[in-house]
There are 2 protein chains.
Amino acid sequence: MAQVKNNYQFEDMLQKHNLKKTAPRLRVLSMMYSKNTATSQPDLESVMNDIDRVTLYRILNVFEEKGIIHKVFDLNGTANYAVCHSDCQENHHHDEHLHFNCTACKNVYCLNELNIPKLTLPAGFEPQAFTIYASGLCPKCSKKGTAKTN
Amino acid sequence: MAQVKNNYQFEDMLQKHNLKKTAPRLRVLSMMYSKNTATSQPDLESVMNDIDRVTLYRILNVFEEKGIIHKVFDLNGTANYAVCHSDCQENHHHDEHLHFNCTACKNVYCLNELNIPKLTLPAGFEPQAFTIYASGLCPKCSKKGTAKTN
DNA sequence: ATACAAATGCAACATTATTGTATTTAGAAA
DNA sequence: TTTCTAAATACAATAATGTTGCATTTGTAT
Ligand SMILES: [Mn+2]
Ligand SMILES: [Mn+2]
Ligand SMILES: [Zn+2]
Ligand SMILES: [Zn+2]
């Protein structure tokens with residue numbers, strides 16, 4: 001499920017990345033780590049509506065640069081942010097996992113466990129990174145659809 | 001390479017889909033069919049800058065609905081549009097191919113020939129569609145990088 | 001030729017994102 | 001603890017992308 005971390009750990013994370021411990025940053029970390037799905041920019045903005053929009057963008061950008069979170073666009077092109085589980089470094093991400101976008105609840109899941117099969121591209125193409133998107137029903141929504149509601 | 005079609009064929013396409021033959025639509029078709037890569041919304045807008053922006057959006061939307069083109073977001077979340085090569089029908093696309101986004105020239109290639117491997121998702125997930133993204137260097141750009149420039 | 005639905009063009013607006021700068025603050029140094 | 005400063009936030013302005021409503025124009029069927 002969601003990675004459980006307390007406020008001290010979030011403060012440590014910021015310190016490790018040479019980022020000042022500020023309330024907005026800690027709140028963003030806390031929110032994103034409390035969920036097992038990515039969080040969309042609109043959601044972040046409405047939940048953190050007392051934080052300035054620009055500040056929020058800058059927090060998300062610096063977290064992404066530092067390898068704390070990664071950005072993924074859902075099927076509608078909306079930016080979603082999820083915590084990095086892999087060994088992501090500053091400006092060097094390793095988030096080549098499958099992203100599952102539920103067509104019902106719109107949530108984006110990072111399925112880190114799945115390993116991506118090797119693919120051979122046509123001659124001349126030199127791929128450096130792959131990501132797979134799947135869309136369909138997530139566990140919660142597929143349960144609702146079939147049996148007695150969850 | 002790029003699918004070669006003449007203006008009569010574009011007119012036929014529109015007629016088949018019960019769309020009126022208009023200059024803006026024919027120009028969009030002509031441009032998109034003349035390329036072997038997707039075209040970004042900003043590019044379309046600047047090339048077709050004498051067509052009203054809203055008209056362009058509506059043309060792209062109706063072409064997508066009719067199964068003539070499909071929309072794909074590149075690594076930066078920018079909307080790109082490419083002609084459908086598969087047997088796409090009105091509101092029923094079959095564009096589950098790999099999209100290659102060149103990090104140098106930013107072009108998005110639809111690699112229809114590649115077949116996507118079957119993937120098994122964690123229990124509960126019910127996938128309905130997959131798309132794979134690859135990023136790296138396209139044939140043109142990888143050639144430039146290594147040998148005597150193209 | 002006429003008529004009408006469809007398509008375009010235009011204006012207004014909404015959302016998402018960026019840039020510049022003044023103010024505030026976390027954390028280091030004194 | 002107080003002082004200092006670079007970093008972070010807040011605010012204002014602007015850009016880019018996308019949508020909605022409506023008046024006008026146009027393709028096409030009759
Ligand atoms: Mn992810
Ligand atoms: Mn494609
Ligand atoms: Zn769901
Ligand atoms: Zn290229």
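Here is the naming used below: chain letters follow the sequence lines, and residue numbers restart at 1 for every chain. Treat the numbers as computed from the prediction; the structure is a model and nothing was measured.
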**Prompt:** For every nucleotide of nucleotides 8-14 of chain C, 5' to 3': is a protein heavy atom under 4.0 Å from its base (B), only from its sugar-phosphate (S), or from neither (-)?
**Reply:** BBBB---
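- The CG atom of N18(A) sits 10 Å away from the P atom of dA7(D) (whole-angstrom rounding).
- Between the C1' atom of dT16(C) and the CG atom of L44(A) lies a distance of 13 Å, rounded to the nearest Å.
- Atom NZ in K21(B) sits roughly 13 Å away from atom C1' in dA29(D) (whole-Å rounding).
- Checked against the 6.0 Å centroid criterion, the rings of H70(A) and H99(A) qualify as a close aromatic pair.
- Partners of N107(A) by side-chain contact (heavy atoms from CB on, under 4.5 Å), not counting sequence neighbours, listed by chain and number: T37(A), C105(A), Y109(A).
- Without hydrogens or angle criteria, N76(B) side chain to T78(B) main chain gives no donor-acceptor distance under 3.5 Å.
- The CG atom of L56(A) sits 15 Å away from the P atom of dA8(D) (whole-angstrom rounding).
- Q41(B) comes within contact range of the sugar-phosphate backbone alone, with a heavy-atom separation under 4.0 Å but no base atom that close.
- E64(B) is linked by a side-chain hydrogen bond (donor to acceptor under 3.5 Å, both in side chains) to nothing, counting only residues two or more places apart in sequence or in another chain.
- Residues passing the side-chain hydrogen bond (donor to acceptor under 3.5 Å, both in side chains) test with N61(B), sequence neighbours excluded: none.
- The nearest heavy atom of DNA chain D to E45(B) and to K20(A) marks one nucleotide each, and the one closer to the 5' end goes with K20(A).
- dA7(C) atom P lies 13 Å from atom NE2 of H17(B), rounded to whole Å.
- Atom P of nucleotide dT19(D) and atom CG of N61(B) are separated by 6 Å, given to the nearest angstrom.
- Note: Y133(A) and Y133(B) have perpendicular aromatic rings, judged against thresholds of 30 and 60 degrees for the angle between ring planes.
- Distance, N49(A) CG to dT16(C) P: 14 Å, rounded to whole Å.
- Side-chain atoms of S142(B) come within 3.5 Å of backbone atoms of G124(A) as a donor-acceptor pair (strictly under, hydrogens ignored).
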**Request:** Could you check K71(B) against Q41(B) for side chain to side chain contact (heavy atoms under 4.5 Å, CB included), going step by step and ending with a plain yes or no?
**Result:** CA-CA 10 Å; K71(B) 194 202 295 210; Q41(B) 182 279 328; over 6 Å; no
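- Nucleotides of DNA chain D nearest to Q15(B) and Y57(B) differ in position, and the one nearer the 5' end is that of Y57(B).
- Each side-chain hydrogen bond (donor to acceptor under 3.5 Å, both in side chains) pair with one or both residues in residues 20-33 of chain B, not counting sequence neighbours, appears once here: R27(B)-D50(B).
- Atom CG of L26(B) is separated from atom P of dA7(C) by 13 Å (rounded to the nearest Å).
- Of the residues in residues 62-80 of chain A, none has a non-hydrogen atom less than 4.0 angstrom from any atom of DNA chain D.
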